Number of protein chains: 2
Amino acid sequence: MEKEQEIEKNPSTEEKIKEAARRVFTRKGYAATRTRDIAEESGYNLALINYYFRSKEKLFDMIMVEHLQTFIHSVIGMLNDRDTSLQDKIQMLIGHYIDMLVKNPDLPLFILREISSSPGKLVEKVNFEAKHEDLYIIKQWKEMDALRQGPKVNPIHMMMNMIALVVFPFIASPLLRDRTGISLEEFNVLMEERKKLIPIWIKAIMNSATE
Amino acid sequence: MEKEQEIEKNPSTEEKIKEAARRVFTRKGYAATRTRDIAEESGYNLALINYYFRSKEKLFDMIMVEHLQTFIHSVIGMLNDRDTSLQDKIQMLIGHYIDMLVKNPDLPLFILREISSSPGKLVEKVNFEAKHEDLYIIKQWKEMDALRQGPKVNPIHMMMNMIALVVFPFIASPLLRDRTGISLEEFNVLMEERKKLIPIWIKAIMNSATE
DNA sequence: GTCTATATACGGATAGAC
DNA sequence: GTCTATCCGTATATAGAC
């Protein structure tokens with residue numbers, strides 16, 4: 001308790017280097033990051049990185065695992081909550097998720113980039129806490145889908161749709177901003193709008209008759 | 001004509017190296033690719049890369065520009081076609097796009113990764129042929145939106161939604177496959193399904209009342 | 001714990017033989 | 001045109017002073 005507060009207010013050198021590494025790795029990815037960049041960003045010397053973390057790779061792995069856990073933890077709990085309706089769950093989930101992404105806009109591209117370049121290497125180290133099929137939201141969706149007209153839709157589509165609508169704009173943000181000329185502030189306003197719009201859209205998708 | 005056929009059937013060394021570079025760069029990105037990887041992939045020696053292309057960076061830029069042009073060209077024409085209705089346009093666009101992505105599943109992540117790591121560096125070299133606001137499909141969407149109930153929705157949202165629903169699954173494919181355990185074949189079946197489903201979903205989104 | 005200086009390895013690029 | 005051998009800058013990692 002005391003120790004944790006100390007870290008908050010008065011971070012140790014180790015913490016400061018880790019924070020610097022987190023920023024640089026997240027922005028540029030593993031391969032494009034030099035330990036010198038991290039040293040510079042942290043305000044300390046290059047040698048200290050190896051003193052505390054032994055190697056670039058070990059430091060990176062640590063950050064990666066933490067990122068994945070942040071990401072997963074922020075979501076899994078809600079996906080499995082048995083007391084909220086599907087609609088409420090979706091609403092909360094999306095609001096929460098977008099808030100997190102506005103604060104950490106580089107996170108999705110970072111995770112997808114690094115996972116695609118070494119698939120399975122780190123994913124296995126992280127506790128996902130639940131298999132995909134066991135998620136309570138999937139059960140809820142299946143129940144809902146059973147009442148609908150037309151052929152059934154694989155719940156994977158629904159998960160993909162929800163995540164795609166929320167996450168993709170953040171991944172495409174540099175290209176989007178370049179093409180449309182909108183500023184970062186305008187982009188964030190759009191993301192705020194989406195907190196309200198996406199749940200409506202998801203509902204519309206769920207109710208859409210498949211011809 | 002003769003010359004182009006020759007390249008098809010009996011590619012020159014230069015072409016073979018470029019193809020190898022295309023594969024490796026697309027999969028791993030610029031920073032994580034070593035010229036030695038390209039040499040190995042091509043079956044030729046390292047020195048030949050510099051003989052034909054002067055430097056790793058020049059070779060990469062060439063590939064990048066070609067990729068961007070493929071990407072843009074496959075889409076812009078349709079977005080601007082004045083003879084098809086909005087619905088038909090969306091249907092065609094999505095089918096065409098997904099077909100292309102099934103053949104080139106690494107393309108989206110490649111483009112987004114490289115653009116985010118050097119924003120504006122190469123985008124400017126590529127002719128996008130149209131500013132975002134001038135696209136005919138945007139006009140069509142605005143007309144459609146004007147007839148709808150409720151507050152108007154920024155057309156940027158619609159473009160983002162369409163692209164997100166189509167592209168995101170390909171970007172997330174490694175993570176998705178790891179989590180759900182589905183195979184590449186099963187993934188492609190899902191993508192086939194989406195060719196029919198996404199246009200329906202987009203229509204539902206467009207017609208959704210915003211409370 | 002933190003620094004400077006240095007060892008070691010790796011990757012991009014070139015020289016020169018064939 | 002294509003190869004082998006090598007150069008040289010840069011990046012990671014360590015030794016050792018303070």
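What you see is a predicted model; the values in this text were computed from it and never measured. Convention: sequence-line order gives letters A, B, ...; per-chain numbering from 1.
Rounded to whole Å, the distance from CD1 on B:Ile38 to C1' on C:dG11 is 12 Å. In this structure, A:Leu48 places its CG atom 14 Å from C1' of D:dA15, rounding to the nearest Å. As a whole-Å value, the separation of B:Asn50 CG from D:dC7 P is 17 Å. Taking atom CZ of A:Phe60 as the reference point, atom P of D:dA13 lies 14 Å away to the nearest angstrom. Distance, B:Lys56 NZ to C:dT14 C1': 17 Å, rounded to whole Å. A:Arg54 places its CZ atom 6 Å from the P atom of D:dT14, with the value rounded to the nearest Å. Between A:Ile17 atom CD1 and C:dG1 atom P there is a gap of 11 Å when expressed in whole angstrom units. Distance B:Asp37 CG to C:dG11 P: 8 Å, rounded to the nearest Å.
The aromatic rings of A:Phe170 and A:Phe187 lie perpendicular to each other, with more than 60° between the two planes, well past the 30° mark.
The shortest distance between the side-chain N/O atoms of B:Thr35 and the OP1/OP2 oxygens of C:dG12 is below 4.0 Å. Note on B:Tyr52: a side-chain N or O is less than 4.0 Å away from OP1 or OP2 of D:dG1. Between B:Arg36 and C:dG11 there is no side-chain polar atom (N or O) within less than 4.0 angstrom of OP1 or OP2.
Checking D:dA13, C:dT14, C:dC3 against every side-chain atom of A:Asn45, the shortest atom distance belongs to C:dC3. Taking only side-chain atoms of B:Ser55, from C-beta outward, the nucleotide of C:dA13, C:dT4, D:dT2 with the closest atom is C:dA13. Picking from D:dT2, C:dT2, C:dA13 the nucleotide with the shortest atom distance to the side chain of B:Tyr51 gives D:dT2.
Residue contacts for B:Leu46: at a heavy-atom cut-off of 4.0 Å it reaches a base atom on one of the strands shown. Nucleic acid contact class of B:Tyr44 (heavy atoms, under 4.0 Å, all strands): sugar-phosphate only. Backbone-only engagement by A:Thr33 is indicated by non-hydrogen atom pairs under 4.0 Å involving sugar-phosphate atoms exclusively.
Checked against B:Asp37 for a salt bridge (charged side-chain N to carboxylate O under 4.0 Å, His left out), the options B:Lys28, B:Lys56, B:Arg27 give a single hit: B:Lys28.
Separation of the B:Phe71 and B:Tyr97 ring centroids falls under the 6.0 Å cut-off.
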Chi angles and distances behind the side-chain hydrogen bond (donor to acceptor under 3.5 Å, both in side chains) call for A:Lys203, A:Gln87: CA-CA 8 Å; A:Lys203 193 177 172 185; A:Gln87 278 302 319; 5.3 Å; no

Audit row: B:Glu66, B:Arg22, salt bridge (Lys or Arg N to Asp or Glu O under 4.0 Å) steps and yes/no: CA-CA 10 Å; B:Glu66 283 181 17; B:Arg22 196 186 52 73; over 6 Å; no

